[in-house]
Colleague: 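This is the structure I want to talk about, given as structure tokens.
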Amino acid sequence: MKPNAIPAQYFQQEDTLTIAKQLLGATLSTNFNGQLTSIRIVETEAYLGVTDRASHAWNGRHTNRTSIMYLEGGIAYVYLIYGMHHLFNIVTGAFGTPHAILIRAGEPLEGLDQMLIRRNKKRVDYSITKGPGSLAQAMGIKTSHTGIPLNQNAIWITAGKSIPAAEIIATPRIGVDYAGEDADLPYRFIVANSPYISGSATQNCG
DNA sequence: CAGCTGATGGGCT
DNA sequence: GCCCATCAGCTGG
């Protein structure tokens, strides 16, 4: 147990959209093989389970991969996309409610040298932890970590200075055009003016 | 700068 | 056999 980590119960409350907003400004940390890295979360997306066409659990889809989403909130859901990118999500909601929050971008805080090695880069620039695939790679998160609790010694989250509502922008989610009308839902939350936000300028205007 | 596209593999129909 | 909750590297203005 990490004493300062946000407890699992926090992620089990009903309103995933509120959690997604409140996570902006929080610190996500990993420690694998003694290599500590951490970031300040600046971009999240909420996926609201069975009623959300963009969600892997839409319409009650319950497969080997998505079964993790149906467990109690407070654990990791990590999956592989496009054959090469590992995307890190936080499972939220009660047991049986397959909600999740995708962590899309952050500002690097600790372990910059290790992030450079994992990202195969020579210098730190904004792309080091911008975008969900890049963020997971910088922090060493892989699909093998799916299901692990988020208040222990491998991956954990601590509360940060909360972001004023005026500085939070809600936009449609990225890359979910297949979701029909649900693609337009404003379930992506970003910290205004952070240079680490993913997506184009138009995608970032509330 | 915007816009396109190849890479690459598990999950699902 | 097709579809991705993506990224880096290239092209052409």
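Proteins get letters first, then strands, A, B, ... in listed order; numbering begins at 1 in each.
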Colleague: So which pairs with a foot in residues 149-173 of chain A pass salt bridge (Lys or Arg N to Asp or Glu O under 4.0 Å), sequence neighbours left out?
Modeller: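 Counting only pairs at least two positions apart or across chains, the salt bridge (Lys or Arg N to Asp or Glu O under 4.0 Å) contacts touching residues 149-173 of chain A are Asp52(A)-Arg173(A).
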
Colleague: Just to be sure I understand the rule, does Ser134(A) reach a base, reach only the sugar-phosphate, or reach nothing, if contact means heavy atoms closer than 4.0 Å?
Modeller: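 The residue Ser134(A) makes sugar-phosphate contact but no base contact.
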
Colleague: Hey, which of these two, Lys121(A) or Tyr77(A), hits DNA chain C nearer its 5' end, going by closest nucleotide?
Modeller: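 Residue closer to the 5' terminus by nearest nucleotide: Tyr77(A).
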
Colleague: Under 3.5 Å, is there a donor-acceptor pair between the Thr37(A) and Glu110(A) side chains?
Modeller: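 Side-chain D/A pair, Thr37(A) to Glu110(A): absent.
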
Colleague: Taking Arg53(A)'s backbone N and O only, do any of them form a donor-acceptor pair with Asp182(A)'s side chain (distance below 3.5 Å, no angle check)?
Modeller: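 Side chain of Asp182(A) to backbone of Arg53(A): a pair is present.
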
Colleague: Quick one: does Asn204(A)'s side chain have a donor or acceptor within less than 3.5 Å of a partner on Ser198(A)'s backbone?
Modeller: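 It does hold such a pair.
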
Colleague: Between Thr146(A) and Thr143(A), do the side chains contain an N or O donor and an N or O acceptor separated by less than 3.5 Å?
Modeller: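 Absent: no donor and acceptor within the cut-off.
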
Colleague: Provide the start and end nucleotides, 5' to 3', of the part of DNA chain C that has atoms under 4.0 Å from heavy atoms of chain A.
Modeller: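 Result: dC4(C) to dA8(C).
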
Colleague: So which pairs with a foot in residues 58-78 of chain A pass salt bridge (Lys or Arg N to Asp or Glu O under 4.0 Å), sequence neighbours left out?
Modeller: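 Qualifying pairs: none.
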
Colleague: With no hydrogens and no angle check, do the side chains of Ser127(A) and Lys121(A) hold a donor and an acceptor under 3.5 Å apart?
Modeller: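 A pair is found: one side chain offers a donor N or O, the other an acceptor, under 3.5 Å apart.
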
Colleague: Consider only side-chain N and O atoms of Tyr196(A) and Glu43(A), and report whether a donor and an acceptor are under 3.5 Å apart.
Modeller: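 Per modelled atom types, Tyr196(A) and Glu43(A) side chains form no pair under 3.5 Å.
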
Colleague: Looking at Leu116(A), is its backbone amide N or carbonyl O close enough to the side chain of Asn120(A) to form a donor-acceptor pair, meaning the two atoms are under 3.5 Å apart?
Modeller: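 No; zero donor-acceptor contacts below 3.5 Å.
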
Colleague: Any luck finding a side-chain donor-acceptor pair between Arg119(A) and Gln137(A) under 3.5 Å?
Modeller: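 There is such a pair (donor and acceptor under 3.5 Å, judged by atom type) between the side chains of Arg119(A) and Gln137(A).
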
Colleague: Rounded to the nearest angstrom, tell me the gap between atom CD in Gln203(A) and atom P in dG3(B).
Modeller: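 Roughly 11 Å, once rounded to whole Å.
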
Colleague: Hey, can you pull the residues of residues 81-101 of chain A with a non-hydrogen atom under 4.0 angstrom from DNA chain C?
Modeller: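 Those residues whose heavy atoms fall under 4.0 Å from DNA chain C, taken from residues 81-101 of chain A in numerical order, are Ile81(A), Tyr82(A), His85(A), Leu87(A), Asn89(A).
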
Colleague: So do Ile163(A) and Val42(A) actually touch side chain to side chain, heavy atoms under 4.5 Å?
Modeller: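 Side chain of Val42(A) against side chain of Ile163(A), heavy atoms only: no contact under 4.5 Å found.
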
Colleague: Take Thr27(A) and Ile41(A), measure what side chain to side chain contact (heavy atoms under 4.5 Å, CB included) needs, and give me the verdict at the end.
Modeller: CA-CA 6 Å; Thr27(A) 301; Ile41(A) 298 171; over 6 Å; no

Colleague: Do the ring centers of His56(A) and Tyr47(A) come within less than 6.0 Å of each other?
Modeller: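 Centroid distance His56(A)-Tyr47(A): not below 6.0 Å, so no.
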
Colleague: Can you sort out which residues in residues 44-74 of chain A have a heavy atom within less than 4.0 Å of DNA chain C? Ascending by number, please.
Modeller: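 Tyr47(A), Ala54(A), His56(A) - these, ordered by number, are the residues of the stretch whose heavy atoms sit under 4.0 Å from the strand.
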
Colleague: With Watson-Crick and G-U wobble geometry limited to distances under 3.5 Å, how should the secondary structure of DNA chain B be encoded in dot-bracket form, using | for bases paired to another strand and [ ] for crossing pairs?
Modeller: |||||||.||||.

